[in-house]
Amino acid sequence: MDEKKLPTQEEDFSEWYNQLVLRAELADYSPVRGCMVVRPYGWALWENIQKALDKRFKATGHVNAAFPLLIPQSFMTKEKEHVEGFAPELAVVTHGGGKELEEPLVVRPTSETIIGTMYSKWIQSYRDLPVLINQWANVVRWEMRTKLFLRTLEFYWQEGHTAHATEQEAVEETERMLNVYADFAINEAAVPVLAGQKSESEKFAGAKATYSIEAMMGDTKALQAGTSHFLGQNFAEAFDIKFLDENNQLQYCWTTSWGVSTRFIGAIIMTHGDDQGLILPPNLAPYQVVIVPIYRKDEEKAAVMEVVDRVASGLEAVDVRVKVDERDGLTPGFKFNDWEMKGVPLRIEIGPKDVEKGSIALARRDILGKSGKSFIPLEGYVQAVGDMLDEIQANMLAKATKFRDEHIFEVTDYESLKDVVENKGWAVGWWFDDAENEAKIKEDTRATLRNFAPAEGEGICFYSGKKTNKRAYFAKGY
RNA sequence: CGGGGUGUAGCGCAGUCGGCUAGCGCGCUGCGUUUGGGACGCAGAGGUCGACGGUUCGAGUCCGCCCACCCCGACCA
């Protein structure tokens, strides 16, 4: 095996992913099976995701708080569907301080129960509503098969939990946050997503309705990249979250919850990455620009570094995230490959020839080779680099959107659905909503109903032949 | 939990029929020459051969049991 190169996506997409995560230094395996260590470069990416989302949460009126990691086991059993959904994947703490606990504690797999408990205490009146809280946290779900970022025993996420006076408000909140996620995915991560409602069988344990954003990965499999749940009054009833309305009537609240996790990093990797490594969208990349200095002798080094420092500080002054690769003893060629593996959107090369000519060389990560390379005069480089980053961001979205659209196929009968999900990508078609039929398709093809698609008018279900006003996407998923 | 596979240096691996001092590549350290697409030379450091038990004059190698991890299925943000 050539250790310098990744396996290609073509020959083994899964192995390409595994090795890329390790070699780009995003994450590493932990001593505990199924857990992951997020390395500084991966965490920096997560921090940028956090910033972009958090800004949107604040802009829509939410505030952050922190709820505890440990939850009394009994809390988990209060909402019937919630227990059933999560029972198989709970980690339970039975001992503390050297003694067996009277009541075991579960490590949160999500926080509806503990937050619901607190909300019942905090909410008395319609004047207390709505409550719009988010928390950034880690959660634990005991998964059987794990994969870095996509499915690990412990993962990091944000979970928003809101309580409202009316059903309509809660439904609006659910949709608002779904749109926030879609906006974030498209405009920050350059990951085109399809937002829609999940089917009954795919919805969150305890929810009335679940919505998701679905992204297409480079192997055409689907990845649920974010979810938003309308919880109705299920949790309000289970946790006694009540308020007095304007008419002095006691009512249950309507609640929602919504989350995006470190899994989203997997979505970025598999949406944009190529055989050379990661390709990160400029808006989220830990380093937007890397500068590789080139020189032979010490005199050259001094002259080159003078320009390098000037270029770097000029960019930093307008908040471009810049890394100067000053590592000694590595050839420029090695550094080019190294930063390509790490997905830095734009590379600037500065050598003696550039110093002499008063220019710098730009190489964009989204277009490899000569066609992605350009030489610009030092004069006005700040503007040029900024424009280039914008262009890369836009190009990445356009490319990913084109790829996705080319791999979605309209189906009108079951045979063509089978062919599409097996060989081509995603299928979309008229679907008469029926859980049994959905299960049969899943069993037959291993493809699942990802979410419902926008539909106008009526059509004939590709499976049952029944008249329906719904359309749905089907695909194999992660 | 079912099926398959692998455990030898930080990583990837070789180690023949049981044989004496366990090797190779990458990486790592030092020095020198290099540096515009994955540099080279020289000198070094680094090992409870997954664990336990057995067979044997002798076990990385054969036998037994255990453990861990990976891949494929059932479940999943």
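The model shown is predicted, which means the values in this text are computed figures rather than measured ones. A note on names: the letters A, B, ... follow the listed sequences, proteins ahead of strands, and every chain is numbered from 1.
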P-based separation of B/G50 from B/G15 [nearest Å] = 14 Å
Atom CG of A/Asp275 to atom P of B/G38: distance rounded to whole Å?
-> 18 Å
In whole angstrom, give the distance that lies between atom CD of A/Glu443 and atom C1' of B/A74.
-> 11 Å
In Watson-Crick or G-U wobble terms, with both distances under 3.5 Å, the base opposite B/G73 is B/C1
With both distances under 3.5 Å as the test, what is the Watson-Crick or G-U wobble partner of B/G44?
-> B/C28
Could you check how far CG of A/Leu153 sits from C1' of B/C69, rounded to whole Å?
-> 14 Å
With the side chain of A/Glu340 defined as its heavy atoms from C-beta on, choose the nearest nucleotide among B/A74, B/G37, B/A77.
-> B/G37
Is there a donor-acceptor contact under 3.5 Å from the side chain of A/Arg321 to the main chain of A/Ala285?
-> yes
Pair A/Arg310 + A/Glu306: basic N to acidic O under 4.0 Å | yes
Taking the six-membered ring for Trp, does A/Phe334 stack with B/A39 (centroid gap under 5.5 Å, planes within less than 30°)?
-> no
Kindly write out the residues that satisfy side chain to side chain donor-acceptor pair (under 3.5 Å) with A/Thr401, not counting sequence neighbours, or none if the list is empty.
-> none
So what does A/Arg327 touch, heavy atoms closer than 4.0 Å: a base, only the sugar-phosphate, or nothing?
-> nothing
Given that A/Ser261 and A/Tyr29 both sit by RNA chain B, which one's nearest nucleotide is further toward the 5' end?
-> A/Tyr29
According to the ring pair (Phe, Tyr, Trp, His ring centres under 6.0 Å) rule, which pairs have a member within residues 193-227 of chain A, sequence neighbours left out?
-> A/His82-A/Phe204, A/Phe86-A/Phe204, A/Phe204-A/His229
Within this structure, what is the NZ-to-C1' distance between A/Lys5 and B/G12, rounded to whole angstrom?
-> 18 Å
Value in whole Å for how far the P atom of B/C11 lies from CD of A/Glu25 | 15 Å
In whole angstroms, the gap separating P of B/C11 from CG of A/Leu22 amounts to 12 Å
Lys/Arg-Asp/Glu bridge criterion (N-O < 4.0 Å) met for A/Glu159, A/Arg108 | no
Name the pairing partner of B/A39, where a pair is Watson-Crick or G-U wobble with both distances under 3.5 Å, or state none.
-> B/U33
Go through A/Met36 and A/Val21 one step at a time and tell me if the side chain to side chain contact (heavy atoms under 4.5 Å, CB included) criterion holds.
-> CA-CA 11 Å; A/Met36 79 177 152; A/Val21 169; over 6 Å; no
Classify the nucleic acid contact of A/Ser257 as base, sugar-phosphate or nothing, counting any heavy atom under 4.0 Å across all strands shown.
-> nothing
If pairing means Watson-Crick or G-U wobble with both distances under 3.5 Å, then the partner of B/U6 is B/A68
Round to the nearest Å and state the distance from A/Arg23 atom CZ to B/G12 atom P.
-> 12 Å
With a 4.0 Å cut-off, would you call A/Arg327 and A/Asp338 a salt bridge?
-> yes
Hunt down the Watson-Crick or G-U wobble partner of B/G53, both distances under 3.5 Å, from any strand shown, or write none.
-> B/C63
Quick one: what's the B/S/- string for nucleotides 30-36 of chain B, heavy-atom cutoff under 4.0 Å, read 5' to 3'?
-> -----BB
Measure the distance from CG on A/Asp338 to P on B/C26 and round it to the nearest whole Å.
-> 18 Å
Earlier contact from the 5' end, RNA chain B, for A/Ser14 and A/Lys203 = A/Ser14
Considering only B/G38, B/A77, B/A74, which nucleotide approaches the side chain of A/Gln276 most closely?
-> B/G38
Expressed as a whole number of Å, how far does the C1' atom of B/A39 sit from that of B/C52?
-> 48 Å
List the steps and the verdict of salt bridge (charged side-chain N to carboxylate O under 4.0 Å, His left out) for A/Glu173 and A/Arg176.
-> CA-CA 5 Å; A/Glu173 168 77 2; A/Arg176 179 181 306 119; 2.7 Å; yes
A/Arg145 side chain near B/C75 phosphate (N/O to OP1/OP2, under 4.0 Å) | no
